[in-house]
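Written below as structure tokens is the structure these notes are about.
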Amino acid sequence: MGWAIALHGGAGDIPVSLAAERRRPREAALRHCLRVGVDALKAQKSPLDVVELVVRELENNPHYNAGRGSVLTREGTIEMEASIMDGKTKRCGAVSGLTTVVNPISLARLVMEKTPHIYLAFDGAERFAREQGIETVDSSHFITQENIERLKQAKEANRVQIDYTPPIQNDKKKETPIADGDSQIGTVGCVAVDSHGNLASATSTGGLVNKMVGRIGDTPIIGAGTYANNLCAVSATGKGEAIMRGTVARDVAALMEFKGLSLKEAAAYVVEECVPKGNVGLVAVSAKGEVTMSYNTTGMFRACATEDGYSEIAIWPSVHN
Amino acid sequence: MGGWAIAVHGGAGVDPNLPPHRQEEAKKLLTRCLNLGISKLRSNLSAIDVVELVVRELETDPLFNSGRGSALAANGTVEMEASIMDGNGRRCGAVSGLNTVKNPVSLARLVMDKSPHSYLAFSGAEDFARQQGVELVENEYFITEENVGMLKLAKEANTIVFDYRIPAVGSETCSAVAESPLQMNGLPISVYAPETVGCVVVDNQGRCAAATSTGGLMNKMNGRIGDSPLIGAGTYACNLCGVSCTGEGEAIIRGTLAREVAAVMEYKGLGLQEAVDFVIKERLDEGFAGLIAVSNKGDVACGFNTTGMFRGCATEDGFMEVNIWE
């Protein structure tokens, strides 16, 4: 038994040829966020505080698809969503459709602590943010040049599909653009457990590039993108629609609870058996201080550390596996 | 293969003092909806089509809290939500924050069938409704006189009306009365408390489906999302079973209640009724809720820890029941 922490910056089709100038800042962010989380755990902060803190850091980093750096909807706007859950009490909070809140994860925490509800969305959530006096900025703060470009490319690719162009041309299109290496699917998340076995999970995202306005993914949905109970804490990333119907985060916990699987076995089962290949990645910790990071995509931006000194920062499958 | 089965609900948590004529009204509507579902199942309509059709009927009738008759949010408008799931392929669709769509469950179905996504909300969902050409009506269509009265009382008392927090009969009746001082037309407000609707079906090919629709809580904060549109919480279907929940949304969400029924069947090997009993007993903590479920074998089950639940069920072998109390 000891503390453990794991975090992710999204799973997807990340080419191994990812240019160094795109890879390095993301690796640096993973290292920085892991350090922030480990320090907080060592300072006896509660896992709930730790996951919120780490996800805030990831939201503030423009290289990941959450908070600043969120991808754009079809209309070129941003609509951020997030959720947080405390394992011991199973209390949870979630938000969707945010356009001005600097740290969506902290608003999710406020929904959990300051309202009779669990989940607030769109105008009502923005109004609640103002009532609570949480930091808000103009929407343009979140929009990066890179994401404007990415939307443009996604729209072009989309037009091809809508026009029923033969798949050959489709493939050609695919090779040229979006070779910036991160998939269109990206999300950030963190799970943590302290040495008393208290667990928490948090996930935050800007959603899918070129998503329809109003689209809600798996990230704010308890049991899909985020889940924690007294056995484990899970944060998932990938294709939201697949994660939602697979109730991915809850299923890792359910397999441990109802089938007696270990954390690693449960995570591996969900990733390999329950969700189609190329669709999901997750990080999870157990009450015993175990950690696991599994995915069925090309790669997943991820990092973890445990009290006994183990630490890992990686994007693709490690050679030792 | 055990043949088809169907169950419908009109919400959990019923005031024990509900006047007999209102009980009869509710039973009549549940019976009508069951019969509609049964006739469609007999003519081999698929489970997913039947749950949509039955929930449309419940939404269109103003009696329960969905579609017309939806509870009002704090600003006096309706914000409806719904979800639908086809166990065959685990496809699903969900909507939240609708204020002009006549039948939210059908828009959820269109999100599933015609959009690249599974869940659309608020103005984006309304835009999608217009693109798809579904029937739209003015917000006033959904608002009933009783609900306007209830919202006024709820606002005066500065409370959210929880339909499932209805005092149990006999247990400290005096204090229960003192706890619910809100009265309308000489009856406790809880008599009018509106309820979520849902339907689960297994067809004679063993395909399961579930659908749930609601107006949410009276005097809820605008923008509040409850369990009804959340896959795994209010609604779930897979190849084993279909489940629709109702009650305290927040307890249902944190208990991932609908998925839980399926999970204990899948991972623990429990039967349908066993799974339902386990979930109601072990998974609600202090929360109040009820649910209906069918299995791919043609079993039907329901469970609740509230005082009463509006419900009905039928199976191919001729069993049919409509009930409110235990």
Side-chain angles (χ1 to χ4, degrees), chain A residues 73-75 79 85-86 89-92 94-97 111 115-128 158 207-208 210-218 220-224 227 229 240-251 253-261 274, chain B residues 73-75 79 85 89-92 94-97 111-112 115-128 159-160 162 216-217 220-227 229-233 236 238 249-251 253-260 262-270 285:
Chain A
T73 68
R74 271 182 199 180
E75 310 287 320
E79 289 183 355
M85 186 162 190
D86 179 46
T89 58
K90 286 214 245 169
R91 290 198 312 152
C92 46
V95 286
S96 279
V111 172
T115 78
H117 305 314
I118 284 178
Y119 191 177
L120 291 178
F122 292 85
D123 295 350
E126 285 281 337
R127 204 170 312 130
F128 175 66
N158 211 14
L208 285 174
N210 200 22
K211 67 181 178 183
M212 290 169 73
V213 171
R215 180 259 188 184
I216 292 179
D218 62 296
I221 299 186
I222 297 303
Y227 188 78
N229 65 6
E241 284 68 18
I243 295 172
M244 223 186 269
R245 72 175 61 136
T247 53
V248 164
R250 171 58 192 144
D251 263 42
L255 281 157
M256 292 178 71
E257 185 174 354
F258 301 135
K259 232 179 172 175
L261 299 194
C274 303
Chain B
N75 74 346
E79 284 185 1
M85 189 162 189
R90 287 194 300 184
R91 297 187 318 135
C92 53
V95 287
S96 280
V111 170
M112 169 172 116
S115 90
H117 304 315
S118 296
Y119 189 0
L120 291 177
F122 291 87
S123 62
E126 288 278 340
D127 290 345
F128 178 67
T159 181
I160 296 165
F162 294 94
L217 302 174
K220 67 182 176 184
M221 288 170 72
N222 285 91
R224 179 258 187 185
I225 291 178
D227 62 295
L230 303 186
I231 296 304
Y236 188 77
C238 60
E250 282 64 19
I253 293 172
R254 69 171 64 99
T256 54
L257 217 63
R259 170 61 189 148
E260 213 71 358
V264 292
M265 290 177 73
E266 185 174 347
Y267 299 141
K268 230 180 167 176
L270 297 194
D285 302 325

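Letters go in sequence order (proteins before strands), and every chain restarts at 1.
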Name the region of Pro229(B), side chain, backbone, both or neither, that has any atom closer than 4.5 Å to a heavy atom of chain A. neither
If you count heavy atoms of other groups shown closer than 6.0 angstrom to CG of Asp127(B), is the number above 12? yes
Can you check whether Glu79(B)'s main-chain N or O pairs, donor with acceptor, with Lys220(B)'s side chain at less than 3.5 Å? yes
Roughly how far, to the nearest 0.5 Å, is CZ of Arg90(B) from OH of Tyr236(B)? 4.5 Å
Could you state the interatomic distance from CD (Glu241(A)) to CG (Asp218(A)), rounded to the nearest 0.5 Å? 8.0 Å
Select one option (side chain, backbone, both, neither) describing which atoms of Ala263(B) are under 4.5 Å from chain A's heavy atoms. both
Segment of Leu120(A) engaging chain B (4.5 angstrom heavy-atom cut-off): both
Contact origin within Thr115(A) toward chain B - heavy atom pairs under 4.5 Å: side chain
In terms of heavy-atom pairs under 4.5 Å with chain B, the winner among Lys90(A), Glu126(A), Met212(A) is Met212(A)
Tell me, for Arg250(A) versus chain B, whether the close heavy atoms (under 4.5 Å) come from the side chain, the backbone, both or neither. side chain
Taking the six-membered ring for Trp, are the ring centroids of Phe122(A) and Phe122(B) within less than 6.0 Å of each other? yes
Please report the interatomic distance CG(Leu208(A)) to CZ(Arg74(A)), rounded to the nearest 0.5 Å. 10.5 Å
Name the option with the most non-hydrogen atom pairs under 4.5 Å to chain B; the candidates are Ala254(A), Ala121(A), Gly260(A). Ala121(A)
Hey, are the side chains of Leu255(A) and Tyr267(B) touching, using non-hydrogen atoms and a 4.5 Å cut-off? yes
Counting heavy-atom pairs under 4.5 angstrom with chain A, the leader among Ser115(B), Ser118(B), Ser96(B) is Ser118(B)
Glu257(A) versus chain B, the contacting section by heavy-atom distance below 4.5 Å: side chain
Max heavy-atom pairs within cutoff under 4.5 Å with chain A, candidates Ile225(B), Leu270(B), Val264(B), Asn222(B), goes to Ile225(B)
Kindly write out the residues that satisfy salt bridge (charged side-chain N to carboxylate O under 4.0 Å, His left out) with Arg254(B), not counting sequence neighbours, or none if the list is empty. none
Ranked by heavy-atom pairs below 4.5 Å to chain A, first place among Ala125(B), Ala121(B), Gly97(B), Ser123(B) goes to Ala121(B)
Heavy atoms, side chains only, cut-off 4.5 Å: are Met85(B) and Met244(A) in contact? no
In terms of heavy-atom proximity below 4.5 Å to chain A, should Arg259(B) be classed as side chain, backbone, both, or neither? side chain
Can you tell me which portion of Leu230(B) sits under 4.5 Å from chain A's heavy atoms? Options are side chain, backbone, both or neither. side chain
